[in-house]
Amino acid sequence: MLARKSIIPEEYVLARIAAENLRKPRVRDRPRKARFIAKNGACNLAHKNIREQGRFLQDIFTTLVDLKWRHTLVIFTMSFLCSWLLFAMVWWLVAFAHGDMDRIDNSKGSANWTPCVTDVGSFTSAFLFSIEVQVTIGFGGRMMTEECPTAITVLILQNIVGLIINAVMLGCIFMKTAQAHRRAETLIFSRHAVIAVRNGRLCFMFRVGDLRKSMIISASVRIQAVRKTTTPEGEIIPIHQLDIPVDNPIESNNIFLVAPLIICHIIDKRSPLYDISPSDLVNQDLELIVILEGVVETTGITTQARTSYIAEEILWGHRFVPIVTEEEGVYAVDYSKFGNTIKVAAPRCSARELDEKPSILIQTLQKSELSHQNSLRKRNSMRRNNSIRRNNSMRRTNSSLMVPKVQFITPEGNQSASET
């Protein structure tokens with residue numbers, strides 16, 4: 001604007017802008033690594049260049065179940081329409097071969113003439129009869145006779161084909177509506193995972209919950225670490241999976257998921273997080289996959305829910321807030337605080353350094369205790385000051401509301417005091 005008004009020369013403005021752009025450091029963000037498992041549990045994987053496509057037709061039922069709903073409904077509709085049209089053509093040929101078309105068209109026939117199928121004189125009537133046979137409607141206008149053994153064979157064949165189509169298509173629809181991953185929609189995980197001290201050890205923790213009242217039987221949780229590694233021989237493994245043990249006091253390794261639980265993994269020598277500190281966590285191409293498996297109580301189908309946590313979603317020095325409270329003899333769960341965390345004292349070093357120098361944990365706890373005491377002192381002093389200010393304000397208010405004394409002087413000179 002100033003350059004347009006000729007207050008500042010345009011050459012000076014352009015040079016100043018170029019100098020400012022040179023001074024600003026250009027920081028390029030590190031390219032974000034693709035997730036192997038999305039937050040909703042979907043696998044981020046694309047299958048390409050599959051040459052043997054015929055293998056999918058060998059398991060046609062699973063292929064139909066795996067299709068999208070729009071494709072399944074199109075196949076469902078087309079399978080019935082094609083079967084009706086195919087057998088309509090067969091019924092029309094049977095009637096044509098027996099001469100029923102000519103007899104109906106001429107409207108003349110001997111009293112001894114009997115058609116294969118009554119009232120079938122065109123392809124439209126044959127199509128309607130095909131629908132009646134396969135769906136067993138039976139309006140009563142068209143019927144079979146004993147004249148043609150071929151027609152009886154076609155009737156039996158169409159009934160068998162219709163039962164097979166009904167069984168396959170209805171079974172496919174039922175399996176799509178009762179798929180196990182539908183139940184997994186009500187199994188939720190916390191959006192972030194945390195690393196904090198629990199029982200004197202650094203632990204990786206996340207929260208899992210079930211929104212339905214019907215429980216997941218024999219529920220178990222597994223954690224796997226996925227990272228890109230290189231072997232000593234130079235082989236690059238793009239997806240290297242490592243099992244991470246879960247701290248579970250129950251010997252069967254099952255959890256009772258009646259209320260949201262915090263799943264804990266102790267970071268020890270077996271853990272891939274053993275050598276990672278808070279400063280190293282940001283630069284780690286690490287993805288932790290969480291898998292929850294169990295049997296649905298109402299249907300008996302095994303279900304699986306999945307999610308993953310990358311380095312940006314792991315909070316160091318945080319802890320989940322409690323959400324289960326007892327109210328009037330009933331345990332209540334506040335899901336609005338499901339993923340809420342609070343900051344807690346945690347050593348800013350790796351688990352290996354903490355094992356080598358246990359004094360770091362003691363110093364951290366002492367500092368947190370001192371800070372907690374200082375915060376309590378400040379809070380108490382603030383409360384004391386607020387109470388003093390409140391008392392002073394009340395005193396001023398009371399003094400302003402007091403009734404003043406008024407003296408009256410009589411003509412005789414006597415003074416009498418009275419209050420009004």
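This structure is a prediction, so every number in the text was calculated from the model and none was measured.
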Point to revise | Distance, nearest 0.5 Å, that separates OG of Ser190 from CG of Leu315 | key: 9.5 Å
Review point. Going by the angle between their ring planes, with limits at 30° and 60°, are Phe80 and Trp84 parallel, tilted or perpendicular?
Key: tilted
**Study point:** ring pair (Phe, Tyr, Trp, His ring centres under 6.0 Å): pairs with one or both residues in residues 262-303, sequence neighbours excluded
**Key:** none
Review point. Should the ring pair Phe204 and Tyr309 be called parallel, tilted or perpendicular, given that the plane angle runs from 0 to 90° and is split at 30 and 60?
Key: perpendicular
Check your understanding: Taking all non-hydrogen atoms of both residues, which atom of Ala311 and which atom of Leu281 are closest, and how far apart?
Key -> CB-O, 3.0 Å
Exercise for review: Please test Asn199 against Arg201 for side-chain contact (heavy atoms from CB on, under 4.5 Å), starting from the C-alpha separation and ending with a verdict.
Suggested key: CA-CA 6 Å; Asn199 298 326; Arg201 304 292 299 273; 5.6 Å; no
**Study point:** Salt-bridge present (Arg352, Asp275; N to O < 4.0 Å)
**Key:** yes
Practice item. Tell me, with the steps shown, if Ile276 and Gln284 meet side-chain contact (heavy atoms from CB on, under 4.5 Å). Key: CA-CA 9 Å; Ile276 297 177; Gln284 290 290 326; 3.9 Å; yes
Practice item. Please examine the side chains of Val295 and Ile301, heavy atoms only from C-beta on, and report whether any two atoms are closer than 4.5 Å. Key: no
**Study point:** Asp280 and Ser277: side chain donor to acceptor below 3.5 Å
**Key:** yes
Study note, to complete from the structure: dist Trp316:CH2 -> Ser279:OG (nearest 0.5 Å) comes out at 9.0 Å
Check your understanding: Short question: side chain of Thr153, backbone of Pro149 - any donor-acceptor pair under 3.5 Å?
Key -> yes
Review point. Does CD belonging to Glu356 count more than 12 external heavy atoms closer than 6.0 Å?
Key: yes
Revision key, fill the gap. In terms of heavy-atom contacts, Phe320 and Arg207 come closest through CB-NH2, 3.5 Å
Practice item. Locate the shortest heavy-atom distance separating Cys203 from Ile266; write the atom from each residue and the value. Key: SG-CG1, 4.0 Å
Exercise for review: Mind checking disulfide bond (SG atoms under 2.5 Å apart) for Cys116 and listing every partner two or more places apart, or none if nothing turns up?
Suggested key: Cys148
Point to revise | Residues, nucleotides or ligands: over 12 heavy atoms within 6.0 Å of Tyr335 OH | key: yes
Practice item. Would you check, one step at a time, whether the test side-chain contact (heavy atoms from CB on, under 4.5 Å) holds for Ile173 with Met175? Key: CA-CA 6 Å; Ile173 297 296; Met175 289 302 297; over 6 Å; no
Review point. Of the non-hydrogen atoms in Thr177 and Phe174, which two are nearest, and what is the gap between them?
Key: OG1-O, 2.8 Å
Review point. Do NZ/NE/NH1/NH2 and the carboxylate oxygens of Arg183 and Asp210 come within less than 4.0 Å?
Key: yes
Practice item. For Trp91 and Phe129, run ring-ring contact (aromatic ring centres under 6.0 Å, His included): C-alpha distance rounded to whole Å, both residues' side-chain angles, the deciding distance at 0.1 Å, then the answer. Key: CA-CA 8 Å; Trp91 288 116; Phe129 181 71; 5.0 Å; yes
Exercise for review: Indicate yes or no for a side-chain donor-acceptor contact from Lys176 to the backbone of Thr72 under 3.5 Å, with no hydrogens or angles considered.
Suggested key: no
Check your understanding: Hey, does Phe61 have a side-chain heavy atom less than 4.5 Å from the side chain of Val65?
Key -> yes
Practice item. Sequence neighbours left out, what passes ring-ring contact (aromatic ring centres under 6.0 Å, His included) with Phe338? Give chain and number order. Key: none
Check your understanding: Side-chain donor-acceptor pair under 3.5 Å between Thr124 and Ser122, yes or no?
Key -> no
**Study point:** Polar contact flag, side-chain donor to acceptor under 3.5 angstrom, Ser130-Gln158
**Key:** yes
Practice item. Look at the side chain of Glu297 and the backbone N and O of Met215, then say whether any donor-acceptor pair between them is shorter than 3.5 Å. Key: yes
Practice item. Answer yes or no: is there a side-chain heavy-atom contact under 4.5 Å between Ile223 and Phe206? Key: yes
Check your understanding: Does some side-chain heavy atom of Phe36 sit less than 4.5 Å from a side-chain heavy atom of Cys43?
Key -> no
Revision key, fill the gap. Here the gap from Leu155 atom CG to Ile160 atom CD1, rounded to the nearest 0.5 Å, amounts to 10.0 Å
Revision key, fill the gap. For Arg198, the salt bridge (charged side-chain N to carboxylate O under 4.0 Å, His left out) test, sequence neighbours excluded, returns none
Exercise for review: Answer yes or no: are there more than 12 heavy-atom neighbours, outside Arg319 itself, under 6.0 Å from its atom CZ?
Suggested key: no
Study note, to complete from the structure: Value for CG (Leu286) from CG (Leu288), rounded to nearest 0.5 Å, stands at 4.5 Å
Check your understanding: Do the charged groups of Arg35 and Glu313 touch, with an N to O distance under 4.0 Å?
Key -> yes
**Study point:** All salt bridge (charged side-chain N to carboxylate O under 4.0 Å, His left out) counterparts of Arg191, not counting sequence neighbours
**Key:** none
Check your understanding: Any side-chain heavy atom of Asp119 within less than 4.5 Å of one from Ser125?
Key -> no
Study note, to complete from the structure: CE of Met169 to CG of Leu64, rounded to nearest 0.5 Å, is 5.0 Å
Exercise for review: Report yes if some heavy atom in the side chain of Glu328 is under 4.5 Å from a heavy atom in the side chain of Val330; otherwise report no.
Suggested key: no
Review point. For atom NZ of Lys39, is the number of surrounding heavy atoms from other residues, nucleotides or ligands below 6.0 Å larger than 12?
Key: yes
Check your understanding: Between Cys349 and Leu202, which heavy-atom pair has the shortest distance, and what is it?
Key -> O-CD1, 3.9 Å
Check your understanding: Should Arg222 and Val246 count as side-chain neighbours, where that means a heavy-atom distance under 4.5 Å?
Key -> no
Practice item. Apply side-chain hydrogen bond (donor to acceptor under 3.5 Å, both in side chains) to Asn159 and list each qualifying residue two or more places apart in sequence or on a separate chain. Key: none
Check your understanding: Between the main-chain N or O of Gly41 and the side-chain N or O of Thr307, is there a donor-acceptor pair closer than 3.5 Å?
Key -> no
Practice item. Output yes when Arg227 and Glu287 qualify as a salt bridge under the 4.0 Å nitrogen-oxygen rule, no when they do not. Key: no
Review point. How far apart are the closest heavy atoms of Ile323 and Lys337, and which atoms are they?
Key: CG2-O, 3.3 Å
Check your understanding: So, does Ser79 use its side chain to make a donor-acceptor pair with the main chain of Phe76 at under 3.5 Å?
Key -> yes
Point to revise | The single option from Ile37, Val221, Val208 passing side chain to side chain contact (heavy atoms under 4.5 Å, CB included) against Val290 | key: Val221
Practice item. Classify the side-chain pair Ser83/Gln134 by whether it contains a donor and acceptor separated by less than 3.5 Å. Key: yes
Check your understanding: Atom OG of Ser308 and atom CD1 of Ile310: how far apart are they, to the nearest 0.5 Å?
Key -> 7.0 Å
Check your understanding: Under 3.5 Å, is there a donor-acceptor pair between the side chain of Thr230 and the main chain of Gly234?
Key -> no
Check your understanding: Do any N or O atoms from the side chain of Thr145 and from the backbone of Pro115 form a donor-acceptor pair under 3.5 angstrom?
Key -> yes
Exercise for review: Determine, stepwise, if the pair Ile195 / Ile314 fulfils side-chain contact (heavy atoms from CB on, under 4.5 Å).
Suggested key: CA-CA 7 Å; Ile195 294 179; Ile314 301 175; 3.7 Å; yes
**Study point:** Note, Met144 side chain near Ile152 side chain (heavy atom, < 4.5 Å)
**Key:** yes
